[in-house]
Amino acid sequence: MAKGQLLGVATCTLALIGGTLVSGTAAIGAPTTIDSTIGTSTFGTVFPAAAPAQRTLPTRAEVTAAKKDPAALKSMVASLEGLILDSNDDLATAEASAMNDQDAYETTSGVLAERNAAAQTARAEAAKATAYYDAVKKQVGQLAGDLYRNGGINPGVSSMLNASEHNDVLYKAATMQTLAANRSATLTTAQQAASLWAEWQNYAADAEAAAADAADANESALAAAERTRSAYATRVDEQKKLRDELIGQLAYLQDTKRAEEAKRVAALENQQREDRLKAELAATPAEPAAQKPAETVAVAAAPQAVPDAVPTSTSLSPASKPKTTNSRPATVATNSPARTSKPAADPRPVAASTPKPITSDTSAASKAAEQAAAQRKAEAKAAAQRQAAEEAKANDEARRKAAKEEADAKAAAKAEADAKAAAEAAQERAEEAARKKAAEEAARASSGSSKESAIAWALKTAADDSNYYVYGGNGPDAYDCSSFVRAAFAQSGISLPRTSTSQYFAGGTKVPVSQLKRGDLVFSTSNGGSSFYHVAIYLGNGQVVHARNPSVGISTTPLSWVNNMYSYGVRY
């Protein structure tokens, strides 16, 4: 449905002036003129339309004369048939005009709801910013009052400097620095609160203005929609009257019954629709030309959120200095050696020492022999140790070799098992992929099976005469085209936006109309795809189900009955 560029035209007016055609008789009186004019809606002036045309219905004398001349008769019949087909086109133009303006109204209604919600949020945040600012100002006022009463000196600082128990110069300096930082933080918070308050007041004002503009646009859109809806309803009545009269004149010219002529004319109309569909399919571009319209200009981004609580006011008095405990210092041990007491004198008499005998050469030789024996013993022991070490090394190498061989064997076995498992897993994945692909192909072959719940609901709703078409209807029994499609797709768990334009641009795959599958959506546009004023659900076999208009309601029709059909549909 219309979004961005909003369209609308006033309907053409078919005026039957002068004589009246009666079933089975010729017109009596002056010639009757059909005047097709194109107006413009106040909500848009870009609806394309053919140049106004004037065609004159034949008089009674002309009809009587034509019945006597086969060539003239054939020409007059073709002319009357052309009037019927042209009147169908004019009615389609009027229908598109009404739906474009209605969809524009739906779009502006959505924008208005968003702007009103944004304005309400902005008002609440602006009030919160005011309360926050007032609380911070109160803290600043308290600070200023204390400083003023003490000549600009913090009273806590004065008491601290004069107190005898605070003799630690570093403590006093740190406390003064902390108090100065706290006072600076209080002032900074106040400045931030003032800035935040101003930003939210301005934002709320902008949001209010945007909501007011949206309300004006919505009111204008509603007025335009009401005019074109009313004009379309009048046009339907006029076209029905004209068609009835033209069919009656055709029956008189060809000496047939009205029912026969009505059936023949209906066949001509259907053939015209089918020819147009074929031409549209043949002219399908390689890719859709429609581009997503620019979003409606929105209010600027909201300022920073207001804090939920005001920072706690910092005390102006310094913290009390912790008192130290007077304790006796611990004794430090020294590294001096401990003194030893002098032993008391032994009262017993000391015996005279006996001189040792002098060692002989025999003792020296014996000592040398013992040393040589010890050396030999040590050498033998070292040799035994070396041999034992070599044997141990050989045993270690043998064990390592055996362990390596065992590990290699296990690794080979594991690699073989892993390869087998990987092959089995790959085979299983391939089989699963094949099953999945087959399921997907089966689903595609069933032509949109995922949409079957939506289609079933749509067909049931269309078959129920208690359901009908209403501009802007949202169910449960009154729908317009996009709300009908939205409600249907919800049955398949697919969430769609509200309007036709947004349903086209919201997502899905764009597919040429020649490649439509069951469950795809087809759209009508009057501006080459910048916006869309109608949407229908494709059923397959050249059929669609859609909420058409107030005069014919909700029904299933051939695809060719979708007027101004865009060359690309959407598959969700």
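Values below: all heavy atoms of this structure, side chains included; hydrogens, waters and symmetry mates excluded. This is a predicted model, so every value here is computed, not measured.
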Any side-chain heavy-atom pair from T557 and H546 closer than 4.5 angstrom?
yes
Working to the nearest 0.5 angstrom, can you tell me the gap between W200 CH2 and S195 OG?
13.0 Å
Side chains of R229 and Q102 only: does a donor on one sit below 3.5 Å from an acceptor on the other?
yes
Residue pair L253 / L73, side-chain heavy-atom distance below 4.5 Å:
yes
Can you confirm whether the side chains of Q271 and D275 place a donor and an acceptor under 3.5 Å from each other?
yes
Under 6.0 Å between ring centres, would you say that holds for Y566 and Y504?
yes
Does either side chain, that of N474 or that of R486, offer a donor lying less than 3.5 Å from an acceptor on the other one?
no
Could you tell me if the side chain of D480 sits less than 4.5 Å from the side chain of Y471, heavy atoms only?
no
Do Q543 and T556 have a side chain donor and acceptor closer than 3.5 Å?
no
Of all heavy-atom pairs linking V111 and A214, the shortest is CG1-CB, 4.3 Å
Decide salt bridge (Lys or Arg N to Asp or Glu O under 4.0 Å) for K241 and E238; before the verdict, give the C-alpha distance in whole Å, the side-chain angles of both, and the deciding distance to 0.1 Å.
CA-CA 5 Å; K241 181 180 179 181; E238 293 175 345; over 6 Å; no
Would a 4.5 Å heavy-atom cut-off, applied to side chains only, mark M76 and Q249 as touching?
no
Using every non-hydrogen atom in the two residues, find where V535 and S500 come nearest and quote the distance to one decimal.
CG1-OG, 3.5 Å
I need the minimum non-hydrogen distance between S492 and S450, along with the two atoms involved.
OG-O, 3.2 Å
Any heavy-atom pair between the side chains of L539 and L459 that's under 4.5 Å?
yes
Of the options C481, S483, S482, which is the one that meets Y479 in a side chain to side chain contact (heavy atoms under 4.5 Å, CB included)?
S483
Taking the side chain as every heavy atom from C-beta outward, state whether D464 and T461 have any pair of such atoms under 4.5 Å apart.
no
Would you mind reporting whether F489 and L521 have side-chain heavy atoms less than 4.5 Å apart?
yes
Are S109 and N218 close enough that a side-chain donor and a side-chain acceptor fall under 3.5 Å?
yes
Is any side-chain heavy atom of Y469 less than 4.5 Å from a side-chain heavy atom of R548?
no
Test side chain to side chain donor-acceptor pair (under 3.5 Å) on S526 and N100; report intermediate values, then the result.
CA-CA 8 Å; S526 57; N100 269 309; 2.9 Å; yes
